[in-house]
J.: 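Right, I'll just put the structure down here and ask away after.
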Amino acid sequence: MERWQIITAVVGLYLAFTLGIGLSAARRASKGVTGYVAADRRFGVLPMYFIVGGAVFSAFAFLGGPGWAYSQGVAVLYILAYGVLGIAPWYFVGPKTARLGRRYELVTQAQLVTTRFPSRPLSAFMALIAVAAFVPYVMLQMTGAGIVFSAVTQGHVPFWLGAAVAYGVVITYVLVGGASAVGWTNVVQGVIMMVVAWGLGLYLPYALYGGIGPMFEQIEAARPELLTLPGLRADGTPWSWGAYSTAILSSAIGLAMWPHLFMKAFTARSDAVLRRTVVLFPTFQIFLIPLILVGFAGVLFATAPPSADFILPHMILETGLPALIVGVFCAGALAASMSTGDALLHGAASIAIEDGIHPFVRLTDRQRRMLMQALVLAIGGIAYFFAIIQQKSLVWLLLSAYGLIDQLAPPVYAALYWRRATTTGVLAGLVAGSMTTVFFFLNPELRPWEMHEGIIGLLVNVPVLVLTSLLTEPQPGGHSGAFVDDRSDATAGTPSRMPAT
Amino acid sequence: MRTTNGEPVMNPAARRVAVMRRLVIVFFAAYAFFVTFPGVAPFSGPRPFIFGLPLPMLWIACWVIGGGAVLWLLDRVYRKAG
């Protein structure tokens with residue numbers, strides 16, 4: 001049996017095992033929308049920990065992170081910096097969201113916002129933003145899966161087929177099991193990811209350089225520009241402080257605003273579960289350090305990969321590790337891709353139906369669930385198509401998704417913490433911020449100080465929200481109080497899900 | 001019970017939670033400042049290497065670990081307050 005065949009067999013075993021876990025988890029959930037979207041609100045600390053960690057740490061962290069360290073040096077540290085900063089507000093926002101979710105039977109982020117700010121256009125616009133941001137993020141995961149397969153099989157399994165096989169498995173278990181399948185497969189995938197990341201990150205510097213210190217000393221002697229902040233751009237010229245700093249801020253603000261993270265908050269059994277998940281989150285963040293070390297280990301390596309994102313599979317293939325071990329490492333990289341991709345596909349389909357279609361068309365529970373399943377297939381197909389024809393850098397794909405997601409922060413914080421915010425204000429801010437973000441995304445040369453377009457969008461979004469809210473009629477105190485004061489006994493203007501606007 | 005200004009008096013556990021929340025906000029504001037420009041600028045060069053790691057990497061890793069510790073403390077105070 002050839003080496004690539006053994007590696008492929010190990011990866012095949014991993015995929016079969018994951019599929020089995022996903023399908024068996026499907027039996028635990030009820031058959032309604034709450035079962036499919038929120039796993040009947042029954043998740044404890046273990047699945048929640050891996051859902052949050054797995055949903056955030058993806059092919060981007062596993063392949064893109066080492067790729068950036070390898071090609072752009074300490075610029076990669078922005079990935080390490082933003083995670084804990086971004087998740088900290090979730091300690092307060094998460095439990096409050098979950099309580100409101102239980103009280104008003106919410107299953108999506110837009111439902112939370114539009115229960116406070118009743119507006120069908122707002123719901124549809126939030127759904128549009130979420131799906132528009134999810135597609136490049138799912139593309140990123142599929143690209144990661146394709147890279148792993150084509151690299152480790154030395155091209156015997158082409159990029160397009162690798163992505164298709166891995167996401168065939170993901171789509172199958174998401175279709176059948178919904179949130180329950182996503183949660184329990186993430187537990188398995190998270191464990192594999194952590195073991196592989198630490199194993200590789202500690203092994204490679206010692207095997208190639210005799211230790212972490214000697215590795216960095218040799219890099220400093222040969223390529224000192226790689227070890228000085230803010231690092232380099234993809235073309236090898238120095239990155240700017242403006243771009244580096246706003247990449248951190250944009251990613252930190254966006255991290256806790258991913259709509260699928262809110263959907264997972266609605267799956268938690270209790271507030272304590274969510275709080276403990278946030279407290280444990282930095283342990284996931286620290287696992288980026290060994291992955292960054294893998295990327296640096298490649299800097300002075302004798303051979304170069306076809307592109308920076310291939311550095312991790314390239315290194316494990318070129319260092320003469322046994323095929324079985326290489327197979328396990330590949331399974332880890334695939335786990336990173338799939339554990340995020342499944343939550344995104346599930347989230348995008350659920351949001352499109354619950355927030356984009358259901359407010360306008362009356363649908364039964366069964367119809368909603370069936371439409372969600374059809375959309376899992378459709379969105380998976382669209383993302384796959386674009387991943388195949390447009391192979392972008394993994395980190396670039398993620399940064400482009402964050403710009404739009406950042407714009408969801410003002411509506412969410414206004415819904416939960418600002419009594420004076422109004423529906424018109426939130427909608428005006430969101431539209432203005434999103435349009436600004438898209439404009440600067442399409443015209444990057446116009447960005448001042450190379451700021452991330454998401455931050456520029458927020459600089460428009462927030463003032464428009466505040467000024468328009470102050471100029472429009474305030475909401476009844478009981479209505480806003482139900483959210484801001486988190487009272488269950490609010491009476492006047494008790495929120496109704498989606499009145500006509 | 002109310003203060004002379006008519007404000008309700010906080011019990012000690014609630015006061016500890018309120019103080020801790022403020023400390024957490026201050027910590028994470030400092031975190032944001034010291035991992036971005038200009039706060040990170042004094043720590044942007046590779047030397048000195050500590051534990052074999054270049055200074056910027058160790059600096060940011062310390063904030064990540066500190067962030068975890070602060071969140072753990074906050075959770076402890078919350079749980080004690082019930």
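Chain naming here is simple, since letters A, B, ... match the order of the sequence lines and numbering starts at 1 in each. The model shown is predicted, which means the values in this text are computed figures rather than measured ones.
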J.: Does any heavy atom of chain B fall under 4.5 Å from the side chain of A:I219, the backbone, both, or neither of them?
T.: neither
J.: Look at the rings of A:F92 and B:Y78 and say which category their plane angle falls in: under 30° parallel, 30 to 60° tilted, over 60° perpendicular.
T.: tilted
J.: Apply side chain to side chain contact (heavy atoms under 4.5 Å, CB included) to A:L227 and B:L55, showing your working.
T.: CA-CA 9 Å; A:L227 299 185; B:L55 184 61; over 6 Å; no
J.: Does any heavy atom of chain A fall under 4.5 Å from the side chain of B:I50, the backbone, both, or neither of them?
T.: neither
J.: Which answer fits A:I289, side chain, backbone, both or neither, if we ask what part of it has an atom under 4.5 Å from a heavy atom of chain B?
T.: both
J.: Could you look at A:F216 and say if it's the side chain, the backbone, both or neither that has a heavy atom under 4.5 Å from chain B?
T.: both
J.: So for B:W72, is it side chain, backbone, both, or neither that comes closer than 4.5 Å to the heavy atoms of chain A?
T.: both
J.: I would like to know whether A:Y91 and B:D75 meet side chain to side chain contact (heavy atoms under 4.5 Å, CB included); could you show each step before the answer?
T.: CA-CA 9 Å; A:Y91 189 89; B:D75 194 52; 2.6 Å; yes
J.: If you count heavy-atom pairs under 4.5 Å between each of B:A69, B:G67, B:P54 and chain A, which one has the most?
T.: B:P54
J.: Under a 4.5 Å heavy-atom cutoff, which of A:T246, A:L77, A:I212 has the most pairs with chain B?
T.: A:L77
J.: Which atoms form the tightest heavy-atom contact between A:L80 and B:M57, and what is the distance?
T.: CD2-O, 4.4 Å
J.: Supply the atom-to-atom distance B:T36 OG1 to A:L229 CG, rounded to the nearest 0.5 angstrom.
T.: 11.0 Å
J.: Mind running side chain to side chain contact (heavy atoms under 4.5 Å, CB included) on B:L71 and A:W90 for me, showing each step along the way?
T.: CA-CA 11 Å; B:L71 286 172; A:W90 194 245; over 6 Å; no
J.: Mind checking which of residues 21-31 of chain B sit less than 4.5 Å from chain A, heavy atom to heavy atom?
T.: B:R21, B:F28, B:Y31
J.: Considering residues, nucleotides and ligands other than B:R47, do more than 12 of their heavy atoms fall under 6.0 Å from its CZ?
T.: yes
J.: Side chains of A:L85 and B:W63: closer than 4.5 Å at any heavy-atom pair?
T.: no
J.: Search all heavy atoms of A:P282 against all heavy atoms of B:G68 and return the closest pair with its distance.
T.: CG-CA, 3.5 Å
J.: With respect to chain B, which residue among A:V279, A:L288, A:I286 yields the maximal number of heavy-atom pairs within a distance under 4.5 Å?
T.: A:V279
J.: Can you find a pair of side-chain heavy atoms, one from B:S44 and one from A:W241, that are under 4.5 Å apart?
T.: yes
J.: Could you tell me which of B:A32, B:A41, B:P46 has the largest number of non-hydrogen atom pairs under 4.5 Å with chain A?
T.: B:P46
J.: What's the shortest heavy-atom distance between A:E220 and B:F49, and which atoms?
T.: OE1-CZ, 3.9 Å
